[in-house]
4 protein chains.
Amino acid sequence: MKEKEQKILDTSLPLFVEKGFHGTSTAEIAKTAGVATGTLFHYFKTKEDLIDRLYIYSKESILEAAEGDYDEDKSFKENVKSLWLNFVNFGIEDPYKFNFIMTFHCSPYITSFTKGRIEEKFVDLLEVYKKGFREGEIKQMYDELLMDYFWGNVLNTITHFEKNPERMNQENIELSFELFWDGISK
Amino acid sequence: MKEKEQKILDTSLPLFVEKGFHGTSTAEIAKTAGVATGTLFHYFKTKEDLIDRLYIYSKESILEAAEGDYDEDKSFKENVKSLWLNFVNFGIEDPYKFNFIMTFHCSPYITSFTKGRIEEKFVDLLEVYKKGFREGEIKQMYDELLMDYFWGNVLNTITHFEKNPERMNQENIELSFELFWDGISK
Amino acid sequence: MKEKEQKILDTSLPLFVEKGFHGTSTAEIAKTAGVATGTLFHYFKTKEDLIDRLYIYSKESILEAAEGDYDEDKSFKENVKSLWLNFVNFGIEDPYKFNFIMTFHCSPYITSFTKGRIEEKFVDLLEVYKKGFREGEIKQMYDELLMDYFWGNVLNTITHFEKNPERMNQENIELSFELFWDGISK
Amino acid sequence: MKEKEQKILDTSLPLFVEKGFHGTSTAEIAKTAGVATGTLFHYFKTKEDLIDRLYIYSKESILEAAEGDYDEDKSFKENVKSLWLNFVNFGIEDPYKFNFIMTFHCSPYITSFTKGRIEEKFVDLLEVYKKGFREGEIKQMYDELLMDYFWGNVLNTITHFEKNPERMNQENIELSFELFWDGISK
DNA sequence: GATGAATGAGTCTTCATTCAT
DNA sequence: CATGAATGAAGACTCATTCAT
């Protein structure tokens with residue numbers, strides 16, 4: 001990827017998160033990225049194209065962050081915790097990318113093609129855990145509720161430590177996971 | 001409140017939720033509400049003023065929905081469940097108002113004056129519960145985490161049933177509360 | 001029609017004729033008409049809409065100019081001459097409108113709906129002459145050739161006197177008609 | 001002339017005819033011609049330069065088509081007919097070049113230098129006929145009217161057969177010439 | 001109170017042209 | 001020669017807001 005293209009992606013992501021799609025002008029993005037407006041449209045056909053590419057970019061980052069962790073030798077709880085931590089750490093370390101995904105997940109500006117392409121990979125990732133959930137020591141419930149509960153807790157934890165960074169330490173992160181795990185345990 | 005003023009409030013709320021602040025034009029609001037653009041600016045000095053008033057309007061609704069419920073004769077869990085249910089029901093019955101609050105809670109368009117005024121009332125409402133939490137049979141943790149966990153679960157539950165309306169029944173709502181409660185229980 | 005709307009129509013017509021569709025900017029039109037750019041788009045949804053309305057406006061003018069002239073008591077040649085003169089006079093007196101029609105007749109910016117609506121009226125106007133042409137003392141030929149020959153001569157005459165205004169007098173106009181008439185006479 | 005230079009000329013001519021000067025972008029020309037934008041500007045200093053060169057190119061083509069035909073042994077009418085046919089055939093066989101000339105004849109983008117240079121040659125070509133017109137069996141009239149009448153008829157004939165290609169045959173072309181000739185004959 | 005014509009700054013996007021490679 | 005990334009002025013169109021009626 002060309003240098004200016006990357007610069008535009010990196011610059012526009014926090015702007016979109018903080019000011020929304022319509023609240024961020026292409027002029028502002030270009031200016032902040034230190035390129036001409038024409039350059040932005042050289043790399044991204046439209047503003048929609050830019051945000052679509054940002055969505056792919058962010059989702060790939062979060063997938064990478066969580067990937068390839070399942071360890072058969074550890075307990076199921078340990079494996080789930082590891083996944084949970086990967087997501088939470090990603091959200092804390094790269095809050096803009098995380099918030100971008102949360103904000104534009106339902107946005108009409110992300111093409112359904114892109115959404116579908118990404119969602120597929122996500123489903124693959126979680127497949128290995130689903131099995132464990134079903135056999136495990138956790139409450140009986142349908143998949144969607146479990147997934148939403150998991151995600152809700154990840155999101156909640158990230159948001160909480162974003163708001164209260166002085167509270168973020170090993171102990172409180174452990175506690176947050178226990179809140180989640182004790183909720184689903186039988 | 002005058003009829004047209006009310007019409008503008010009711011019309012603009014879902015528009016703002018679905019298209020965002022900058023994505024919704026005053027012309028569209030006026031047209032949808034069946035009034036002239038001039039009329040909108042007669043009742044609301046600026047677009048910011050309109051969204052500020054919507055925030056007050058929505059927050060007052062949710063406060064009303066949760067108010068005056070604490071019953072000394074019931075167990076603490078029952079009281080918390082009752083509060084949790086009030087919020088969840090509000091979000092399910094009036095999803096636009098609920099989403100409006102969630103979306104514009106952090107928005108720069110809501111004046112900090114308005115935010116402060118409202119937050120104050122909220123704190124009052126929760127004060128009575130805080131005591132219970134401290135004395136109760138729940139895990140030891142600091143207030144902010146508890147509040148955020150509570151809110152995260154409410155939000156999560158509402159979002160889940162919005163996405164999966166066919167799953168919404170007494171049993172699954174109870175289950176959702178148990179996920180929350182078992183999380184904080186010792 | 002509102003005053004500013006009319007002003008925009010009158011101002012833009014010569015601009016489009018002289019500089020073409022793409023060569024004339026909406027900013028220039030508005031400035032020349034003495035209105036704000038927003039005003040132009042208040043009355044005309046798009047630039048295409050403006051040129052479409054101009055086409056209707058011009059064609060209606062030329063139709064009015066030629067209308068209702070057929071006189072059974074005069075010779076056929078006199079009637080044709082009268083029609084020919086009406087068109088020629090229109091083109092000389094209102095050269096912008098005439099040139100606008102000639103230039104944008106085949107333009108993709110005029111909707112086919114508008115073209116059809118106008119063409120219909122034109123066909124009606126010429127119908128009464130067609131009969132005469134067929135029975136008359138003129139050469140045998142198919143309708144389209146006759147019509148194109150007639151129009152070509154009208155256009156030619158107007159263009160000629162536009163370029164050589166000092167030549168325009170009764171005698172030369174008569175001569176021009178004779179060039180046309182002797183062409184089609186047997 | 002280099003291959004790419006020629007390609008650009010051949011590609012841009014129909015584009016300019018169909019979409020106008022401002023309606024055709026240099027990017028589109030380059031893309032259609034299969035060259036880089038930089039290449040276009042290597043051969044043609046500006047867009048105006050390109051259209052200027054196209055004008056010369058087209059006018060030279062039409063001059064070639066009509067050149068060197070006057071035959072003292074034939075009747076004057078035969079000679080005029082031959083010239084008339086040369087132009088008509090050119091317009092029918094190479095409609096884009098012909099239309100280009102007609103469209104950009106009055107265009108401000110063609111430098112007056114170019115126009116003058118070309119017009120000169122044209123005058124030379126017609127000089128030999130003027131004499132004949134004056135002495136011949138045709139109506140008394142001034143030169144400009146005669147020239148415009150001649151051109152008008154050529155243009156008219158070409159346009160007519162472009163619109164009605166199925167009517168184009170020896171007989172109808174003869175008829176078209178007779179319309180013209182009988183018009184100017186005494 | 002209610003209207004909607006009028007405004008002009010601001011939006012996204014295109015374009016002719018340049019220049020380093 | 002040939003390329004295409006880079007530029008920023010200009011284009012069509014939108015929008016919050018005002019004000020005369």
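Quick note on labels: first sequence line is chain A, next is B, and so on, each numbered from 1.
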Short heteroatom pairs, N/O only, protein and nucleotides 8-10 of chain F, under 3.5 Å:
residue	atom	partner	partner atom	Å
F/dG8	N7	A/Gly38	N	3.4
F/dA9	N6	A/Thr37	OG1	3.3

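E/dC12 atom P lies 14 Å from atom CD1 of A/Ile8, rounded to whole Å. Look at CD1 on A/Ile51: it is 16 Å from C1' on E/dT11, rounded to the nearest Å. At whole-Å resolution of the value, NZ in C/Lys2 and C1' in E/dG4 are 9 Å apart. Remark: C1' of F/dC15 and CD1 of B/Ile29 are 12 Å apart, rounded to the nearest angstrom. Note: CZ (B/Phe41) to P (F/dA16) measures 7 Å, nearest angstrom. With rounding to whole Å, C/Glu5 atom CD is found 14 Å from E/dA6 atom C1'. Rounded to whole Å, atom C1' of E/dT18 lies 18 Å from atom CZ of D/Phe44. Summarising the geometry, the separation between NZ on D/Lys47 and C1' on E/dT18 is reported as 17 Å, rounded to the nearest angstrom.
Counting heavy atoms from C-beta outward, D/Ile29 and D/Phe16 have side chains that approach closer than 4.5 Å. Side chains of D/His42 and D/Lys2 form no contact here, defined as non-hydrogen atoms less than 4.5 Å apart. At least one side-chain heavy atom of B/Ile51 sits under 4.5 Å from a side-chain heavy atom of B/Phe100. Within the 4.5 Å cutoff, side-chain heavy atoms of D/Leu155 are placed close to those of D/Met102. Between D/Thr26 and D/Phe44 there is no side-chain heavy-atom pair separated by less than 4.5 Å.
The residue among B/Gly34 and D/Thr46 whose nearest nucleotide of DNA chain E is located toward the 5' end is B/Gly34. Between B/Ala27 and A/Tyr43, the residue anchored nearer the 5' end of DNA chain F, judged by the nucleotide with its closest heavy atom, is A/Tyr43. DNA chain F is contacted by both C/Lys45 and A/Leu40; A/Leu40 maps to the nucleotide lying nearer its 5′ end (nearest heavy atom per residue).
B/Tyr109 meets the ring-ring contact (aromatic ring centres under 6.0 Å, His included) test with B/Phe21, B/His22; sequence neighbours excluded. Evaluation of the side chain to side chain contact (heavy atoms under 4.5 Å, CB included) rule for C/Ser25 yields C/Ala27, C/Glu28 as partners, not counting sequence neighbours.
Counted by atom type alone, B/Asp10 and B/Tyr57 present one or more donor-acceptor pairs between their side chains at under 3.5 Å. Side-chain contact, D/Gln6 with D/Tyr43: no donor N or O sits under 3.5 Å from an acceptor N or O.
At the phosphate of E/dA16, OP1 or OP2 sits under 4.0 Å from a side-chain N or O atom of D/Thr26.
In DNA chain E, runs of at least 3 stacked Watson-Crick or G-U pairs (N1-N3 plus N6-O4 or O6-N4, or N1-O2 plus O6-N3, all under 3.5 Å) give these stems: E:2-21 with F:2-21.
Distances from the side chain of C/His42 to the nucleotides E/dA16, F/dT3, E/dA6 place E/dA6 closest.
The closest donor-acceptor contact from the side chain of B/Thr24 to the backbone of B/Leu15 lies under 3.5 Å. B/Asn99 contributes a side-chain N or O that, together with a main-chain N or O of B/Pro95, makes up a donor-acceptor pair within less than 3.5 Å.
The salt bridge (Lys or Arg N to Asp or Glu O under 4.0 Å) contacts involving residues 94-106 of chain C comprise C/Asp94-C/Lys97, where partners must be two or more places apart or lie in separate chains.
Less than 4.0 Å separates DNA chain F from no heavy atom of any residue of residues 9-23 of chain A.
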